[in-house]
Amino acid sequence: MLKRYYAHRDKDIFITSGSARDLAPGSFGVCAIGGGAEGWSVVHIGPDGDVADLGGEYYFATAEEALAFLRELIDLMIDGGEPRGLDGA
């Protein structure tokens, strides 16, 4: 099973070809659909291990696109929708 780890703003993000239920509570995931052939979804694992699909019915062609979307989503969650400055602060 493929599993790559990233962190963005102190949030854990995993790219996996396995089940999202294998991820730790509190983490975010980019999960392969049909081994990646059918696209990639973005999820969050709740404190009790519940999986929430963050993309709804929107799926991504590549894991990199899904990861970029997830990073932007984390920025919005942390910043409350306020755009970040050019220096990233």
Side-chain angles (χ1 to χ4, degrees):
M1 167 176 63
L2 164 77
K3 189 185 279 188
R4 289 185 280 174
Y5 171 77
Y6 296 88
H8 181 68
R9 300 186 73 178
D10 295 324
K11 303 293 181 191
D12 295 326
I13 304 171
F14 294 91
I15 296 180
T16 180
S17 60
S19 171
R21 297 203 186 277
D22 295 336
L23 302 178
S27 64
F28 292 86
V30 173
C31 301
I33 303 167
E38 297 175 43
W40 296 82
S41 65
V42 292
V43 298
H44 179 259
I45 313 305
D48 296 326
D50 299 330
V51 179
D53 185 350
L54 301 177
E57 294 191 20
Y58 186 69
Y59 300 110
F60 300 89
T62 67
E64 291 78 14
E65 289 174 359
L67 182 60
F69 173 83
L70 195 49
R71 287 178 173 153
E72 288 181 33
L73 186 61
I74 290 170
D75 287 342
L76 287 172
M77 291 169 51
I78 291 174
D79 297 335
E82 294 296 321
R84 294 174 64 188
L86 293 177
D87 61 358

Taking the side chain as C-beta and beyond, is there a heavy-atom pair between [X] and [Y] under 4.5 Å?
X   : Y   : value
D22 : T16 : no
L70 : I13 : yes
L67 : F28 : no

Quick one: [atom1] on [X] to [atom2] on [Y], what's the gap to the nearest 0.5 Å?
X   : Y   : atom1 : atom2 : result
K11 : R71 : NZ    : CZ    : 15.5 Å
H44 : M77 : NE2   : CE    : 6.0 Å
I33 : F60 : CD1   : CZ    : 10.0 Å
I78 : D10 : CD1   : CG    : 7.5 Å

Please find the pair of heavy atoms, one from [X] and one from [Y], that lie closest to each other, and give the distance.
X   : Y   : result
P47 : P25 : O-CB, 3.6 Å
G49 : R21 : O-NH1, 3.8 Å
A24 : S27 : O-OG, 2.6 Å
V43 : A20 : CG2-CB, 4.0 Å

Candidates Y6, W40, F69 - the one meeting side chain to side chain contact (heavy atoms under 4.5 Å, CB included) with V30:
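Exactly one pass, corresponding to W40.
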Do you reckon L73 sits in the same ILVMFWY cluster as Y5, going by side-chain contacts under 4.5 Å, direct or chained?
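Per the 4.5 Å side-chain linkage, L73 and Y5 are not co-clustered.
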In terms of hydrophobic clustering (I, L, V, M, F, W, Y; side-chain heavy atoms under 4.5 Å; direct or indirect links), are I74 and I15 co-clustered?
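Yes, I74 connects to I15 through the hydrophobic network.
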